[in-house]
Amino acid sequence: MVSETSQFHILQCICLLWRIWKSRNKVTFEFIQPHVRSLARQFYNQVLEFSFLLPPPPPRSSLVPVHPATTWVPPPEDFLKINVDAPVCTTGCSSGLVFRGSDGHVVLALGLQHQGIIYPYLAELLVFRDAISIVASRSLTHVIVEGDSEVVVYQVRQGVFEVSIGGLVFRECLQILSSLSVCIEFRAVHRSAISAAHRVARKALLLSRVEIESFDFLGWLL
């Protein structure tokens, strides 16, 4: 599996290669001979633009440890556990959120579609923002949020954000959290421990929105 840090650098390389190919076509087909300094400036601006959209995640050595459980584990009594996932397709992404109590009963399952968001890192930011927004709107007080993005969990825990679109999403998360009196914990877990959230999110990619409260959840997934 490609790490989020590697995804960032791969996307950055693709953008630069596209810019080089475009410059080559101008020389070959339009007979335009750009100055070397002009090309270098274009490539530099491309890197800045991409970094503004999506800053590189922190070094892996600084990330939070992944919870060892490979299946869903009940939260403590009086807590709600929110499992989140954000699969990406060619046209956008979706947020999948599954709320369960200590008895394992599904209280709420929600899937939201986000058109045009095709970067996995940004998609993971959005699903955590969606989870925090629901915690606020429903006045929840004891919550554990679990996802499989170590990078996002690390950044939410540390409360750090950068000047970027991703940073703006983080700032929104932190603003919501600062207005709440809530006991909330963020955990990184294995993908297999949030499989229900993944399946809800996949359905949201097809249906635009999915919202289910307190009924035969497993029957609906099958």
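The model shown is predicted, which means the values in this text are computed figures rather than measured ones. Heads up: numbering here begins at 1 and tracks the sequence.
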In Å and rounded to the nearest 0.5 Å, what is the CD1 to OG1 distance from I194 to T71?
13.0 Å
Correct closest heavy-atom pair for A123 and V88 would be CB-CG2, 3.7 Å
Taking only residues two or more places apart in sequence, or in another chain, which ones meet H198 in a side-chain hydrogen bond (donor to acceptor under 3.5 Å, both in side chains)?
D85
Has the side chain of H190 got a donor or acceptor atom that lies under 3.5 Å from a matching backbone atom of S192?
no
Which heavy atom in P76 sits nearest to a heavy atom in S102, and how many Å separate them?
O-CB, 3.8 Å
With side chain to side chain contact (heavy atoms under 4.5 Å, CB included) as the criterion, how do R187 and K81 come out once you've worked through the C-alpha distance, each side chain's angles and the decisive distance to 0.1 Å?
CA-CA 10 Å; R187 293 179 182 172; K81 178 175 282 190; 4.0 Å; yes
To the nearest 0.5 Å, what is the distance between CH2 on W72 and OG on S195?
11.5 Å
Hydrophobic cluster membership, with links at side-chain heavy-atom distances under 4.5 Å among I/L/V/M/F/W/Y: are L126 and V135 in one?
yes
Could you tell me which non-hydrogen atom of P120 sits nearest to which non-hydrogen atom of I118, and how far apart they are?
CD-O, 3.5 Å
Start with the C-alpha distance between Q115 and T91, add both sets of side-chain angles, then the distance that settles side chain to side chain contact (heavy atoms under 4.5 Å, CB included), and finish with yes or no.
CA-CA 6 Å; Q115 288 291 330; T91 59; 4.1 Å; yes
Do the side chains of I144 and L110 join up, straight or via other hydrophobic residues, at under 4.5 Å, putting them in one cluster?
no
Looking at side-chain heavy atoms only, is the closest gap between V127 and L97 below 4.5 Å?
yes
Report yes if the side chains of V98 and R199 come closer than 4.5 Å at any heavy-atom pair, otherwise no.
no
Residues forming a side-chain hydrogen bond (donor to acceptor under 3.5 Å, both in side chains) with E77, sequence neighbours excluded
none
Taking side chain as C-beta onward, heavy atoms only, is L207 less than 4.5 Å from Q113?
no
Output for pair (R129 CZ, I134 CD1), nearest 0.5 Å, gives 10.0 Å
Is there side-chain contact between L125 and C173, with at least one heavy-atom pair below 4.5 Å?
no
Parallel, tilted or perpendicular, as decided by the 30° and 60° cut-offs, for the rings of F128 and F186
tilted
Is F99 close to L140 at the side-chain level, that is, under 4.5 Å between some pair of heavy atoms?
yes
Transitive ILVMFWY side-chain link V107 to V73, under 4.5 Å:
no
Measure the SG-CG distance between C93 and L205 for me, rounded to the nearest 0.5 Å.
8.0 Å
Determine whether V156 and L80 fall in the same hydrophobic cluster, where Ile, Leu, Val, Met, Phe, Trp and Tyr are linked whenever their side-chain heavy atoms lie under 4.5 Å apart.
yes
Under the side-chain hydrogen bond (donor to acceptor under 3.5 Å, both in side chains) test, which residues partner E172, sequence neighbours left out?
none
Run the numbers on H114 and D130 for side chain to side chain contact (heavy atoms under 4.5 Å, CB included), then give the verdict.
CA-CA 11 Å; H114 302 290; D130 292 338; 3.1 Å; yes
Note, S94 side chain near P87 side chain (heavy atom, < 4.5 Å):
yes
With rounding to the nearest 0.5 angstrom, report the CZ to OG1 distance, F79 to T141.
8.0 Å
Mind checking whether V189 and V200 sit in one hydrophobic cluster, side chains of I, L, V, M, F, W, Y counted as touching below 4.5 Å?
no
Got a second to check how far R191's CZ is from D148's CG, nearest 0.5 Å?
4.5 Å
